Visitor: 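First the structure, which I've put down as structure tokens, then a few questions once you've had a look.
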Amino acid sequence: APSKLDSLSEMIEPCFGRILVGLGASTSSCPNPGPDPTGPSSSSSTSSLAGDVKSLPLLWANEGLSFWGGVDPETGAVIDSRHPLLGKHLTGKALAIPSGRGSCTGSSVLLQLILNGLAPEVILLRDVDEILSLGALVAKELFDHPAPTLIHLGPRGFAQLEGFESCLVDFQSGLVIPTTTTSSPLDSLRQTDLRKPLHPFQSKDVALSKLDQDMLAGKFGRAAQVSARIVQQMAQLQGAETLVDISTVHIDASIYTGPASLLF
């Protein structure tokens, strides 16, 4: 009898996403964008096919995941007893979720996962998620550490991944192709019309003042430069057009989530 995977293989359609954090993310105004953020994968079932294209095991759930209290940063396993991915290990996988959930401390937990070498290879999102994006950006910019690539697929692209066991990801363009155990990843890539626009989500550059540009150029020191890069990239993924000068800010950094939070 035909299996569910057999019917899925006839429905394979590529998803064209916007890279929030990773190789293809816009850093046109940022000097020295840092090392390759796709990072090495510790999953034996991950394979590199060509250039920045990889075939990855896929974990899909139509429910947001709180990394704080929902993921163990020491094992990479989902520990939220009510989540559909309970017991699944995220390390080296393609994690597809609508968004994160809960506290902004999830940024620290993702940072700890990254520094422990236990993070997903890529996080595929239905919605733009600032909390998870920030954790990856801090790892990349502040710690100069390879971090997961985050790709915003939108509702339609995200829904297309349901039921599949693996996917093909182009870390440079944001192209995601769901695959099955019976389909060839290379065949899927060859059959994809790469002439399509790869980014249906338009991202505008943030207008920078002279002070912003001087900070990014390092004229106020390395700390200000790295901080300005993180702020600029967060503003861009949120769709902000300009930055606003402020005089004071409250920083909540009192929650211990592991050595990474102390290092930060």
Side-chain angles (χ1 to χ4, degrees), residues 5 8-9 11-25 36-65 67 70-71 76-78 83-100 106 110 113-114 117-129 132-133 135-136 139-140 146-186 188-189 192 198:
L5 286 178
L8 283 173
S9 64
M11 301 163 53
I12 291 177
E13 184 176 345
C15 314
F16 298 95
R18 168 194 169 199
I19 297 180
L20 303 177
V21 181
L23 280 176
D36 180 348
T38 59
S41 170
S42 58
S43 171
S44 58
S45 53
T46 298
S47 60
S48 296
L49 299 176
D52 299 314
V53 179
K54 287 186 179 180
S55 177
L56 297 169
L58 175 64
L59 296 176
W60 188 94
N62 197 27
E63 184 175 328
L65 176 63
F67 275 60
V71 179
V78 176
H83 199 274
L85 297 179
L86 174 64
K88 300 292 186 181
H89 287 260
L90 307 182
T91 309
K93 308 286 179 56
L95 172 64
I97 51 177
S99 64
L110 179 56
L113 277 168
I114 293 169
L118 297 173
E121 183 90 359
V122 61
I123 301 177
L124 306 171
L125 297 163
R126 183 192 67 193
D127 309 319
V128 174
D129 189 289
L132 296 180
S133 296
K140 181 168 72 84
T149 293
L150 278 75
I151 302 178
H152 172 217
L153 295 175
R156 183 171 178 272
F158 175 78
Q160 288 174 191
L161 299 178
E162 182 179 6
F164 288 91
E165 299 175 338
S166 58
C167 63
L168 202 64
V169 179
D170 185 339
F171 288 85
Q172 185 64 53
S173 68
L175 170 68
V176 180
I177 305 175
T179 57
T180 69
T181 53
T182 58
S183 64
S184 166
L186 281 176
S188 299
L189 186 62
T192 300
L198 295 182

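These numbers come from a predicted model, not from an experiment.
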Visitor: In this structure, which one of Ile177, Leu175, Ile19, Ile151 forms a side chain to side chain contact (heavy atoms under 4.5 Å, CB included) with Asp170?
Guide: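 Testing each of Ile177, Leu175, Ile19, Ile151 against Asp170, the sole residue satisfying side chain to side chain contact (heavy atoms under 4.5 Å, CB included) is Leu175.
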
Visitor: Looking at Ser166 and Thr179, would you say the former's side chain and the latter's main chain have a donor-acceptor pair under 3.5 Å?
Guide: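 Answer holds: yes.
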
Visitor: Report the distance from atom CZ of Arg18 to atom CG of Leu150, rounding to the nearest 0.5 Å.
Guide: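 These two atoms lie 11.0 Å from each other.
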
Visitor: Measuring from Ile123:CD1 to Leu110:CG, what's the distance to the nearest 0.5 Å?
Guide: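 Reported to 0.5 Å precision, the distance equals 5.0 Å.
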
Visitor: Run the numbers on Leu153 and Leu161 for side-chain contact (heavy atoms from CB on, under 4.5 Å), then give the verdict.
Guide: CA-CA 10 Å; Leu153 295 175; Leu161 299 178; 3.6 Å; yes

Visitor: Show the nearest heavy-atom pair for residues Gly92 and Leu56, with the distance to one decimal.
Guide: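 So the minimum-distance heavy-atom pair works out to O-CD2, 3.7 Å.
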
Visitor: Under the side-chain contact (heavy atoms from CB on, under 4.5 Å) criterion, do Leu65 and Ser99 qualify, and how do the steps go?
Guide: CA-CA 7 Å; Leu65 176 63; Ser99 64; over 6 Å; no

Visitor: Considering only NZ, NE, NH1 and NH2 on the basic side and carboxylate oxygens on the acidic side, decide whether Lys93 and Glu121 come within less than 4.0 Å.
Guide: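 No, Lys93 and Glu121 are not salt-bridged.
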
Visitor: Compare every heavy atom of Gly64 with every heavy atom of Pro98, then report the nearest pair and how far apart it is.
Guide: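 Taking every non-hydrogen atom into account, CD-N, 3.9 Å.
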
Visitor: Do you know which two heavy atoms are closest between Ala96 and Leu58, and how far apart they sit?
Guide: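 Taking Ala96 first and Leu58 second, the nearest heavy atoms are CB-CD1, 4.0 Å.
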
Visitor: Using modelled atom types and a 3.5 Å cut-off, is there a donor and acceptor pairing between side-chain atoms of Trp60 and backbone atoms of Glu165?
Guide: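 Side chain of Trp60 to backbone of Glu165: no pair is present.
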
Visitor: Mind checking the CG-OG spacing from Leu125 to Ser133? Nearest 0.5 Å is all I need.
Guide: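 Those atoms lie 6.5 Å apart.
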
Visitor: For Arg126, does its backbone N or O pair with a side-chain atom of His152 as donor and acceptor, under 3.5 Å?
Guide: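 Side chain of His152 to backbone of Arg126: a pair is present.
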
Visitor: Quick one: do Phe158 and Leu124 satisfy side-chain contact (heavy atoms from CB on, under 4.5 Å)? Show the steps, please.
Guide: CA-CA 8 Å; Phe158 175 78; Leu124 306 171; 5.6 Å; no

Visitor: Measure across Ala136 and Pro148 and return the closest heavy-atom pair with its distance rounded to 0.1 Å.
Guide: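 Minimum heavy-atom contact is CB-O, 4.0 Å.
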
Visitor: Check whether any side-chain heavy atom of Leu90 lies under 4.5 Å from a side-chain heavy atom of Val78, and answer yes or no.
Guide: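 The answer is yes; the side chains approach within 4.5 Å.
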
Visitor: Can you check side-chain contact (heavy atoms from CB on, under 4.5 Å) on Val71 and Leu118, steps first, answer last?
Guide: CA-CA 11 Å; Val71 179; Leu118 297 173; over 6 Å; no

Visitor: Would you name the heavy atoms of Ile114 and Pro146 that are closest together and state the gap between them?
Guide: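 So the minimum-distance heavy-atom pair works out to CG2-O, 3.3 Å.
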
Visitor: I'd like to know if the side chain of Asp129 and the backbone of Gly100 have a donor-acceptor N/O pair within less than 3.5 Å.
Guide: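 Yes; judged by distance alone, with no hydrogens or angles, the pair exists.
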
Visitor: Okay, side chain of His89, backbone of Thr91: is any donor-acceptor separation there less than 3.5 Å?
Guide: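 No; zero donor-acceptor contacts below 3.5 Å.
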
Visitor: Quick check: do Val122 and Leu95 have side-chain heavy atoms less than 4.5 Å from each other?
Guide: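 With C-beta onward as the side chain, the pair stays apart.
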
Visitor: Only counting residues at least two apart or in another chain, list the ones meeting side-chain contact (heavy atoms from CB on, under 4.5 Å) with Ala159.
Guide: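 With neighbours one apart ignored, the set is empty.
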
